[in-house]
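Below is one structure, written out as structure tokens, with a few remarks after it.
Letters A, B, ... are given to chains in the order of the sequence lines, protein chains preceding strands, and every chain is numbered from 1.
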2 protein chains.
Amino acid sequence: MNVTIKDVASLANVAPSTVSRVIADSPRISEATKQKVKQAMEQLGYHPNLNARNLASQSTQAIGLVMPSSKDVGFQNPFFPTVLQGISEGAQEKNYALHMTTGKSEEEILHAVVQMVQGKRVDGIVLLSSKVEDQVISYLIERSFPFVLIGKPYKDIEEITHVDNDNIRAMKEATAYLIGLGHKQIGFIGGSLELIVTSDRQDGYKKALAEAGIEARSEYIIHQKFLREGGQQAVRELMQLEHPPTALVVADDFMALGVLNTLDELGIRVPDDISIVGFNNVLLAEMSRPPLTSVDINIFELGYQASKNLIQMIENSNEPTKRLIISHRLVERLSCSQPSVEKSDKSND
Amino acid sequence: MNVTIKDVASLANVAPSTVSRVIADSPRISEATKQKVKQAMEQLGYHPNLNARNLASQSTQAIGLVMPSSKDVGFQNPFFPTVLQGISEGAQEKNYALHMTTGKSEEEILHAVVQMVQGKRVDGIVLLSSKVEDQVISYLIERSFPFVLIGKPYKDIEEITHVDNDNIRAMKEATAYLIGLGHKQIGFIGGSLELIVTSDRQDGYKKALAEAGIEARSEYIIHQKFLREGGQQAVRELMQLEHPPTALVVADDFMALGVLNTLDELGIRVPDDISIVGFNNVLLAEMSRPPLTSVDINIFELGYQASKNLIQMIENSNEPTKRLIISHRLVERLSCSQPSVEKSDKSND
DNA sequence: TTGTACGCGTTATCAA
DNA sequence: TTGATAACGCGTACAA
């Protein structure tokens with residue numbers, strides 16, 4: 001059998017409750033017994049049974065993490081491990097453990113979440129992305145269970161603590177950067193519009209055009225759900241327009257890599273023939289050819305702040321709802337240049 | 001307060017133990033009461049408290065996962081999310097939860113593992129890679145706690161259930177493939193030799209050369225710890241040798257991508273001037289330029305078998321120690337060709 | 001087939 | 001400052 005608090009107690013000649021107090025580092029306990037107990041613990045190699053502790057204290061020191069559905073391509077995106085790293089770091093600092101969950105369908109995921117919550121396996125939950133109708137969010141709100149969302153909620157913004165970038169502004173700046181270089185024909189390539197992050201970035205793109213007095217053309221906007229096949233075709237069509245864009249903003253570096261390859265196959269050179277700005281600034285961005293100018297959104301920090309603030313909510317029940325905006329910055333590399341004369345409407349000197 | 005087994009019992013007019021039996025789907029319970037109880041559970045929205053259950057049953061339905069140290073570059077490697085996906089899938093199928101741990105140092109990690117094990121948070125552990133002197137492994141063996149290792153143990157091979165590829169053979173085949181194309185000057189680029197996987201692959205490389213009667217040249221072998229700066233320099237030096245290699249085997253696709261870029265900067269064309277075979281066949285391999293011929297090691301399966309077999313060990317205490325070898329296969333893409341005449345020792349027709 | 005009673009290892013309350 | 005003692009919610013031998 002395992003060594004319990006009782007064993008320690010009898011070895012140290014004190015009551016179990018005293019040992020418990022020593023573990024909790026209670027202030028009202030004599031230094032003498034404290035040492036005595038600690039030594040006994042050491043000697044026996046004692047470690048508290050967390051299940052018993054959780055049961056008695058009605059709290060686990062753990063946070064739950066809902067991962068993207070395992071079929072999801074998002075899993076392959078370098079975004080995921082990085083944000084996980086951040087979450088993990090924030091948890092570790094406060095001595096919280098991490099409990100993960102996935103599922104192949106919406107139902108499976110919801111079920112797993114309910115299990116975690118009602119089963120009292122975790123004290124709070126970090127959510128990775130919200131969808132338009134999110135059952136998990138509804139469920140958590142209804143039970144008023146602590147959670148923080150990484151990304152922007154589709155609704156109930158005021159009631160959901162979330163950590164996000166200012167994606168509208170970020171994409172606006174990225175687009176403005178291209179406009180500043182002299183581009184006027186700028187395309188947008190993003191993922192599914194069901195993701196809030198996509199629509200935000202698209203909004204930013206449109207805003208930048210509007211402010212510069214450039215008319216948005218619907219044929220310049222592409223949504224590709226998949227990274228490869230579908231995307232390639234879309235890019236091809238885009239470049240076969242009568243007036244193809246001289247620059248592209250792509251809402252994700254991973255996608256941008258696919259775009260880069262398709263362009264290469266078409267014999268279109270970057271940045272000579274077309275400029276590209278990526279998004280997220282994952283490690284890949286600097287390893288691509290040419291190295292990708294990309295908007296760094298501080299992925300690690302996104303995760304770190306999420307778990308850190310979640311723990312604050314857990315430990316202080318009247319912590320206010322927060323909206324945390326993580327900073328971004330454009331990292332210039334070699335995928336952008338001024339538009340070539342032949343393709344722009346008027347020449348630059 | 002939360003709804004407990006007692007509430008269900010009183011609503012259904014039975015004893016708590018009966019409810020417990022219904023949950024466990026005990027065979028010796030009348031269908032009538034079973035229905036009655038189930039309905040009561042439904043009506044109250046009952047969910048068992050897992051901490052109480054774990055405490056009473058002395059087992060959690062959870063497996064622990066030790067992730068690479070958070071500072072580790074390995075985190076950025078697409079290998080990680082994929083293997084995680086596999087582990088997660090294997091766990092989910094058996095209704096096991098996943099509990100994660102990281103740490104910034106060896107000590108932190110060991111501490112976290114001890115916490116998981118002694119704290120009885122998990123029933124078993126999946127380890128991602130072993131190092132030469134691995135405290136975690138020693139600890140788990142000493143306590144004879146169920147665990148399975150993904151990769152090859154440095155020692156105690158017979159006593160550690162592990163799931164791995166036959167990396168020696170896989171790399172031997174990859175090298176032989178290049179030899180078959182006519183290459184004789186073949187370089188090897190791998191990570192730190194402290195990782196068993198690196199030394200295995202290097203062994204395979206040497207074996208292939210030996211079998212073909214080609215002398216191994218030490219200046220053709222490179223170990224780069226980091227993906228970028230260090231690696232670039234190494235590749236440069238390699239290509240400036242009097243007789244530079246006409247082909248390279250690279251022990252990791254992610255590294256191969258860096259190599260590809262360095263070669264591009266040097267104006268060396270792939271596969272015209274030099275052929276490259278990568279390893280792991282991550283999504284990246286098909287998105288690189290040129291698409292990378294790579295050895296698919298079935299990363300998902302590695303993770304899936306790991307958790308699946310771990311659960312077998314947990315549920316059947318005299319499950320034998322196993323060594324599971326996951327198959328591999330060379331995926332041909334466009335990064336290899338026959339050596340060009342000027343650089344090979346004799347011409348091909 | 002079902003109920004009673006105890007144990008799982010802690011924490012927390014109340015006395016001392 | 002410390003010690004009994006009662007929860008915490010569930011599983012399970014044992015009894016009925």
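- Here the P atom of nucleotide C/dT10 and the CG atom of A/Asn49 are 6 Å apart, to the nearest Å.
- A/Gln85 has its side chain out of reach of B/Met67: every pair of non-hydrogen atoms, C-beta onward, lies at least 4.5 Å apart.
- At a non-hydrogen distance threshold of 4.0 Å, B/Ser17, B/Ser20, B/Arg21 from residues 13-34 of chain B come into contact with DNA chain D.
- In summary, of the residues considered (A/Val66, A/Ile141, A/Val126), a side-chain contact (heavy atoms from CB on, under 4.5 Å) with A/Phe147 occurs for A/Ile141 alone.
- Closest approach of A/Ile63 to A/Val122, counting heavy atoms only: C-CG1, 3.8 Å.
- Taking atom CG of A/Leu50 as the reference point, atom C1' of C/dT11 lies 13 Å away to the nearest angstrom.
- The separation between A/Asn51 atom CG and D/dC10 atom C1' is 12 Å, rounded to whole Å.
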Under the side-chain contact (heavy atoms from CB on, under 4.5 Å) criterion, do A/Arg53 and A/Gln61 qualify, and how do the steps go?
CA-CA 10 Å; A/Arg53 169 182 292 181; A/Gln61 284 242 116; over 6 Å; no

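- Contact check on B/Lys94 versus B/Glu315 returns no salt bridge, with no Lys/Arg side-chain nitrogen under 4.0 Å from an Asp/Glu carboxylate oxygen.
- If you take CD1 of A/Ile5 and P of C/dA12, they are 11 Å apart, rounded to a whole angstrom.
- The distance from atom CG of B/Asn54 to atom P of C/dG9 is 13 Å, rounded to the nearest whole Å.
- Of the N and O atoms on the side chains of A/Ser88 and B/Thr102, at least one donor lies less than 3.5 Å from an acceptor on the other residue.
- In this entry the distance linking NE2 of B/His47 with P of D/dC10 reads 12 Å, nearest Å.
- Between the P atom of C/dA12 and the CG atom of A/Leu55 lies a distance of 12 Å, rounded to the nearest Å.
- Phosphate contact (OP1/OP2 of D/dA7, side-chain N/O of A/Gln58, threshold under 4.0 Å): absent.
- Checking the phosphate oxygens (OP1, OP2) of D/dG11, a side-chain nitrogen or oxygen of B/Arg53 falls inside 4.0 Å.
- Following rounding to the nearest Å, A/Lys6 (NZ) and C/dC8 (P) show an atom-to-atom distance of 7 Å.
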